[in-house]
Number of protein chains: 2
Amino acid sequence: MGARQTLKGQQTRAAIVDTAVTIASIEGLEGLTIGRLAAELAMSKSGLFGHFGSKEELQLATVEAARQIFIHEVITPARQAARGLARLWALCDAWLSYMEREVFPGGCFFMAASAEFDNRPGPIRDQVAAQMQEWLDYLTKNVQHAQSLVQLSGSPEPAQLAFELHALVLGANWAMQLYNDRQTPARARRAILARLHGLATPQAVPLPALEDYG
Amino acid sequence: MGARQTLKGQQTRAAIVDTAVTIASIEGLEGLTIGRLAAELAMSKSGLFGHFGSKEELQLATVEAARQIFIHEVITPARQAARGLARLWALCDAWLSYMEREVFPGGCFFMAASAEFDNRPGPIRDQVAAQMQEWLDYLTKNVQHAQSLVQLSGSPEPAQLAFELHALVLGANWAMQLYNDRQTPARARRAILARLHGLATPQAVPLPALEDYG
DNA sequence: CCTACCGATCGGTAGG
DNA sequence: CCTACCGATCGGTAGG
């Protein structure tokens, strides 16, 4: 009976965190209130609260759940592409696709969370910053790989190019959220392809043509 | 006596809005509470409240004050440069400089406000969106001008290039706020100059060299 | 511009 | 997992 209760507890907790991710992507991690979350799940506040012990723990669990979704929706599909330039493009494309598909209804969870917590020191900010740094490092690694395969010119430092690609996707997320402009992802793809085509060597694996995106 | 009271009222209101801008850039426009603002100014809540009539009016006044600061700190200095490519660069440079000088302690006021309100329909979101659109349009106009002066290739649409420059500065603001990395503005300047150098024609007015920020 | 208050909601607790 | 409650704080109001 103990194991069964534990299993049920885990299921309840998973259901809570699942709903929390959706609410937080729209209302923010602070706008995610225990009362609202309990109402959405038709439970009492204190019943829900008991699964976490503090609001901060709930927020941290929510960030971790969002991370798993990001890995599943962006990184895993992009890994199908060969390392180097092809995967670098696949990562940017998958990231934009995840925004287009509205995996989170409020846009990229991590961009919203980082804007919300960049001025609030503490574990949540640290967690969000670490996860975004991981993503930037992964982009950087793929730039390095593309350069070592002589698919890309070595001229911009890997971290510099990773920053630029990251910024262009942030810009797309910003415009999509603020203006609901569905053409924004195509604009970001053109910008990224223009930059990559400008740096690609003759040995480079084929990238989509700029004209494919309008 | 009536005129004098009005003048004093205006001064008080201006002092309130001035403090509100600073708080809002750190805590957000919702985190800006009337109680906290009143405490900061050593006034009563209701005395402060009377100047606006609602929290939303206070927030709108705060956005408008931030706009005036942005115009004064970014657009006015950049207007010293000649129209076209020189001014386009001056706008990006002044925007990054305003971030470096921490004109707002919480980073670019409008980036924070747009991330906070992009999922909250209403007058504040509309106001923030309109002001950012004005800025994008101004960047676009300067791209057009540079193209008509044959300083820049006509190949990317003006709005496309404006989007890219905007995204790179957003990316710099994001990294500066989340990581406190003071080298980020130089990274953004290199990215912007690389893009502009790639599109500049032989007739182009001199731009700073990439190596100046290396 | 103030004091004194309002109903609602927040995160969190006691006790079962 | 619940009911019933806590002190603090929110935006806003009454009355002066």
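Any value given below was found using the heavy atoms of this structure, including those in side chains, with hydrogens, waters and symmetry copies removed. So you know, we letter chains A, B, ... as the sequences are listed, proteins then strands, and number each from 1.
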[X] [atom1] - [N] [atom2] separation (whole Å):
X: A/L37; N: C/dG11; atom1: CG; atom2: P; result: 10 Å
X: B/F52; N: C/dC1; atom1: CZ; atom2: P; result: 10 Å
X: A/F49; N: C/dT13; atom1: CZ; atom2: C1'; result: 8 Å
X: A/L41; N: D/dC1; atom1: CG; atom2: P; result: 10 Å
X: B/L48; N: D/dC10; atom1: CG; atom2: C1'; result: 14 Å
X: A/I34; N: D/dC1; atom1: CD1; atom2: P; result: 15 Å
X: B/R36; N: D/dC10; atom1: CZ; atom2: P; result: 10 Å
X: A/E57; N: C/dG11; atom1: CD; atom2: P; result: 15 Å

Considering only side-chain heavy atoms of A/H51, which listed nucleotide, C/dG11, D/dG11, D/dC1, is closest? D/dC1
Shortest side-chain distance from B/T12, nucleotide among D/dA4, D/dG11, C/dC1: C/dC1
Distance-only donor-acceptor test, A/K45 side-chain atoms vs C/dG11 base atoms, 3.5 Å: yes
Evaluate the criterion side chain to side chain contact (heavy atoms under 4.5 Å, CB included) for residue pair B/S97 and B/R189; output intermediate values, then yes/no. CA-CA 10 Å; B/S97 163; B/R189 287 189 173 90; 4.1 Å; yes
Tell me whether the side-chain N/O atoms of A/S46 come closer than 4.0 Å to OP1 or OP2 in D/dC2. no
Only pairs with both distances under 3.5 Å count, Watson-Crick or wobble alike; so what is the partner of C/dT9 in this structure? D/dA8
With both distances under 3.5 angstrom, what nucleotide forms a Watson-Crick or G-U wobble pair with D/dG15? C/dC2
Could you report the tightest heavy-atom contact between B/R190 and B/L210, atom names first, then the distance? O-CD2, 3.2 Å
Give one of base, sugar-phosphate or nothing for A/S44, where a contact means two heavy atoms less than 4.0 Å apart. base
For this output row, return yes or no: ring centroids of B/Y179 and B/W174 closer than 6.0 angstrom. yes
Is the distance from the ring center of A/W95 to that of A/H166 below 6.0 Å? yes
For B/E40 and B/T19, indicate whether the former's side chain and the latter's backbone hold a donor-acceptor pair under 3.5 Å. no
